[in-house]
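In this chain, residues are counted from 1 in sequence order.
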Amino acid sequence: MDRRSFIRLTAISGTSAALASCGTPENELIRFVPDEDIVPGQAVLKPSVCPLCPAGCGLTVRLMDADADVVRNGKTGVVQILAAKKLEGNPAYPVNRGGLCARGQAAIQTTYHPDRITQPLKRSGQRGDGRYTALSWDDAIAEVVSHLDAIAGTGTPKPLAFFARSGGGHRAALIAQFLARFGAPAAIAHDVFGDEVLRRANAISFGREQPPTFDLANSRHVISFGADFLGTWNSPVAQGDAYGAMRQGRSGVRGAFVQVEPRMSQTGANADEWVPARPGTEGVVALGLAHLIMKEKLRPASAAGRAGAAIDGWNGELSEFMPEQVESISGVSAARLARLAKELVDRSPSVVIIGGAPLAHTNGLFNALAVNALNALLGSVEKPGGLFFTPQLNLAAATKVPAATSPASEPLDRLASAMLTGGASSPQVVLIDGVNPVFTAPPGWKLRDALQKVPFIASFGSFLDETSSLADVILPDHSFLESLAEALPASGSMIAVAGAAPAAMKPLHDTRAMPDVLIEIGQKLARPLMLPWQTFEEMLTASFMTLPSMTKDVDAWTDAQEKGGWWGSLPAALTVPPSAAAATKAMSHAAAELDGDPREFPLNFLPYASSAFLDGSLAHLPWLQELPDPMTSAMWSSWIEINPATAARLGVAEGDVVEIASAHGKVSAPAVVSPGIAPDVVAMPAGQGHRMFTRYANGRGANPFEVLAPKMVAETGALAWAATRVKVTRISGPDGSLILFAGGSREDEHGRA
């Protein structure tokens, strides 16, 4: 599908274009009067912020005149608008500095998608079957208000659950204020590939509850434990730019890079050295490196400070992590360990990164704390070539509204259990803002069944998916190009960044911005919530007006709307300070616990974030379905990666359909035989396998989350998505479902174009 036909904008210029009827008045196409002044053929550039991942990259939107199909007051017609035609990175924005990943390029399709929800809807069929009828906005808001009023008189906390997007920002702060003033628990952000484990570890080690920013451009040696930082992890555009500078940006200096992971990622394919450590042993390897550095007197144990104190046995030079012991646990040889430790010190400045699967084992917090202590030992924290923390805007100080305080929400697994049993914490109303936890939750949580028992569900989503299709009422959000766009990037920049931009284009449909709808709901309750803002723009204006201006004689809010955001040095009064509290006790090493009897389930299962779809939230965008996977070249497909030796033992050839089964479920997909995966591991990209998520994703491929064990990362509320054992069985020969890119065309595994 080409871009022009997807956007469905008619190439009609001027008012002289004739619109013919089909011969009957009821089929007459109406041309509506444009809502804005438009100069035909003249491009307009406007700023925006990409919403597709937490990186929060800045955008430049190219708009030109076009005709769009719209519905106005119940009548179908066409109107001339300034339509977004192309997205690029904003060169001035500090996070991405003009770069933009393929996912960001495809973000434009969220606005023009043919299956987008265009008006409020009310369920007319069974929950989950996708049958809805149109509803007015007044009636849709009244439905939500009446159900919230019905639970307002109950005990505290109120039986309301709010499923929201992960990360911070003004939208999240508004939701927090709404819930706190209503008396409900804090929002639940179930992000299967989220960074809550790393945030917790950084709060313990460094007093910063946020992901780090790496000064790769000035590093001379980098070791990464599982972090696909050039593909899908953290802030990949910023990290990719800095990585390029590390490798080629300094005359006579080329930084070295080692990747430690059991399955070769896009980032691992760029490494000088790929080290396949056993899954869940990354923290042991990190402490083995620290032990050698301290033993050889290359750095004193005291250099690690607070981060070292979080590790049991640190001041004893980690005698439990001698090279031979580390080798027996991790499979990384003692000789290689000694060489890597020496290189980290000799090639200073150096830095160590951890992300992805090492944080998704039951001992993920230990793995993160171990890497943090190693970085502190190397002197890499807040030093050139090391790791930093992007200064964060204190929204409570900026908006002059005290931070919202709500009871902590139940972890999603416990909440689902309460819903199923009718427990005390079971909600009577659930609100959903653009997330799809039914798709990403492990089957043992029975989240879909649990939500079926909730009396009332409302969604602010723009598409029907596995979760929003359970809603009784849908109040569809504008696309990000049609509304105020904002972000507070937690990493990717050495200076503070607050992204903000006005709507780039007029709304195409009868949708409304979710933050404004939430404010209106709060105002219309029998006991109004008395939120301090009448509109979301008023909230943003109040926040940005407290910032120092970037441009002389222009206030910060006006300036931000022109530039796409504000960036610079935050005044101390507006900066989130580091926390003083450290760990109350040092963490000891605990081996990763894998679910499943190894005699029945001999292989470790590694689902991973798709380079196109991440956790599956972007599978509805056809440009991304058409995007060849960087490691396999597969498109529109699911696949299972198997080591050649393992494949030979199981009698599996390239393209054969195989079944992965755990104690909790099974899925099948074609096999890709790859030497870039350890023999005791099988891997599968997330993203496909949707049962309901538009015409481009429905019924395509398989969902790896359907086999996951419901195990958690110790001392956190995060799902241990890397902690499942499986067995693999050959089902049949190739079935033609594996589509590979071949020189500008698509072909199946038989080589047929």
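No more than 12 heavy atoms of other residues, nucleotides or ligands sit less than 6.0 Å from atom CZ of R62. Heavy atoms from other residues, nucleotides or ligands lying under 6.0 Å from CZ of R336 number more than 12.
Heavy atoms only, all atoms of each residue included: G331 and R278 are closest at N-NH1, 3.3 Å. Among all heavy-atom pairs drawn from G499 and F544, the shortest one is O-CZ, 4.1 Å. Across all their heavy atoms, A496 and T390 have their closest contact at CA-CG2, 4.4 Å. The two residues A500 and V49 make their nearest non-hydrogen contact at N-CG2, 3.9 Å. The shortest heavy-atom contact between S638 and M684 is CB-CE, 4.2 Å. When all heavy atoms of M264 and A269 are compared, the pair lying nearest together is CG-N, 3.7 Å.
A donor-acceptor pair under 3.5 Å is absent between the side-chain atoms of W623 and the main chain of Q109, judged by distance alone. Side chain of Q259 to main chain of A271: no donor-acceptor pair is present (N/O by atom type, distance under 3.5 Å, no hydrogens or angles). No donor-acceptor pair closer than 3.5 Å links the side chain of D215 to the backbone N or O of K383. In this structure, R306 contributes its side chain and I204 its backbone to a donor-acceptor pair below 3.5 Å. Using modelled atom types, one side-chain atom of E486 and one backbone atom of H170 make a donor-acceptor pair closer than 3.5 Å. Panel note: side chain T213, backbone M494; no donor-acceptor pair is recorded below 3.5 Å. A distance-only check finds no donor-acceptor pair linking the side chain of E196 to the backbone of T716 [under 3.5 Å]. Side chain of N363 to main chain of F366: no donor-acceptor pair is present (N/O by atom type, distance under 3.5 Å, no hydrogens or angles). For the pair R254 (side chain) and Q248 (backbone), a donor-acceptor distance under 3.5 Å is absent. The closest donor-acceptor contact from the side chain of R263 to the backbone of I677 lies at 3.5 Å or more, if one exists at all.
With 3.5 Å as the limit, one finds a donor-acceptor pair spanning the side chains of Y608 and E641. A donor-acceptor contact under 3.5 angstrom links the side chains of S479 and T111, judged on distance only. When only modelled atom types and interatomic distance are considered, N372 and N202 share a side-chain donor-acceptor pair under 3.5 Å. Side-chain polar atoms of S235 and S491 form no donor-acceptor pair below 3.5 angstrom. Side-chain atoms of E327 and S333 form no donor-acceptor pair, as typed in the model, at a separation below 3.5 Å. Judged purely by distance below 3.5 Å, without hydrogens or angles, the side chains of T440 and D615 never pair a donor atom with an acceptor atom.
Residues P262 and L606 form a side-chain contact, since some pair of their non-hydrogen atoms from C-beta on lies under 4.5 Å apart. P91 places a side-chain heavy atom less than 4.5 Å from the side chain of T60. Residues L740 and S633 meet the side-chain proximity criterion, which asks for heavy atoms closer than 4.5 Å. For the pair D272/V258, no side-chain contact is recorded, criterion being any heavy-atom separation below 4.5 Å from C-beta on. The closest side-chain heavy-atom distance from L738 to V672 is below 4.5 Å. Looking at heavy atoms from C-beta onward, E88 lies out of side-chain contact with L59 at the 4.5 angstrom threshold. Inter-residue side-chain proximity for S166 and D195 is flagged as unmet; no heavy-atom pair is nearer than 4.5 Å. Two residues are said to be in side-chain contact when any heavy atoms from C-beta on lie closer than 4.5 Å; N643 and V681 fail this criterion.
Ring centers of Y243 and F257: under 6.0 Å apart, within the cut-off. Under the 6.0 Å cut-off for aromatic ring centres, W567 and Y93 qualify, their centroids lying closer than that.
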Show, in sequence, the C-alpha distance, side-chain angles and deciding distance for Y696 and L621, and conclude whether the side-chain contact (heavy atoms from CB on, under 4.5 Å) test is met.
CA-CA 7 Å; Y696 303 111; L621 303 181; over 6 Å; no
Determine whether F389 and E382 satisfy the following criterion, side-chain contact (heavy atoms from CB on, under 4.5 Å), listing intermediate values before the conclusion.
CA-CA 8 Å; F389 292 97; E382 303 282 356; 3.7 Å; yes
Verdict with supporting geometry, D241 and N96, side-chain contact (heavy atoms from CB on, under 4.5 Å):
CA-CA 8 Å; D241 180 66; N96 53 315; over 6 Å; no
Applying side-chain contact (heavy atoms from CB on, under 4.5 Å), run through S611 and D629 and close with a yes or a no.
CA-CA 7 Å; S611 62; D629 176 73; 3.6 Å; yes
The test is salt bridge (Lys or Arg N to Asp or Glu O under 4.0 Å); show your working for R339 and E273 and say whether it passes.
CA-CA 12 Å; R339 175 175 56 81; E273 187 175 354; 2.6 Å; yes
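Atom CD1 of I108 is separated from atom NE2 of H113 by 13.5 Å, given to the nearest 0.5 angstrom. With rounding to the nearest 0.5 Å, the separation of CG in N367 from NE2 in H361 is 7.5 Å. Interatomic distance, CG of L230 versus CD of Q266, reported as 6.5 Å (0.5 Å rounding). To the nearest 0.5 Å, atoms CH2 (W636) and CD (Q625) are separated by 5.0 Å. Note that the OG atom of S348 and the CG atom of L378 stand 8.0 Å from one another [nearest 0.5 Å]. Atom OG of S350 and atom CG of N375 lie 8.0 Å apart (nearest 0.5 Å).
By the side chain to side chain contact (heavy atoms under 4.5 Å, CB included) test, S483 is found to be paired with H478, A513, residues two or more places apart in sequence or in another chain being considered. Among residues two or more places apart in sequence or in another chain, the side chain to side chain contact (heavy atoms under 4.5 Å, CB included) test is passed with P548 by W566, P571. Every salt bridge (Lys or Arg N to Asp or Glu O under 4.0 Å) that K563 has, sequence neighbours left out, goes to D559.
Each of V285, V352, I354, L287 was evaluated against L374; a single residue qualifies, V352, per the side chain to side chain contact (heavy atoms under 4.5 Å, CB included) test.
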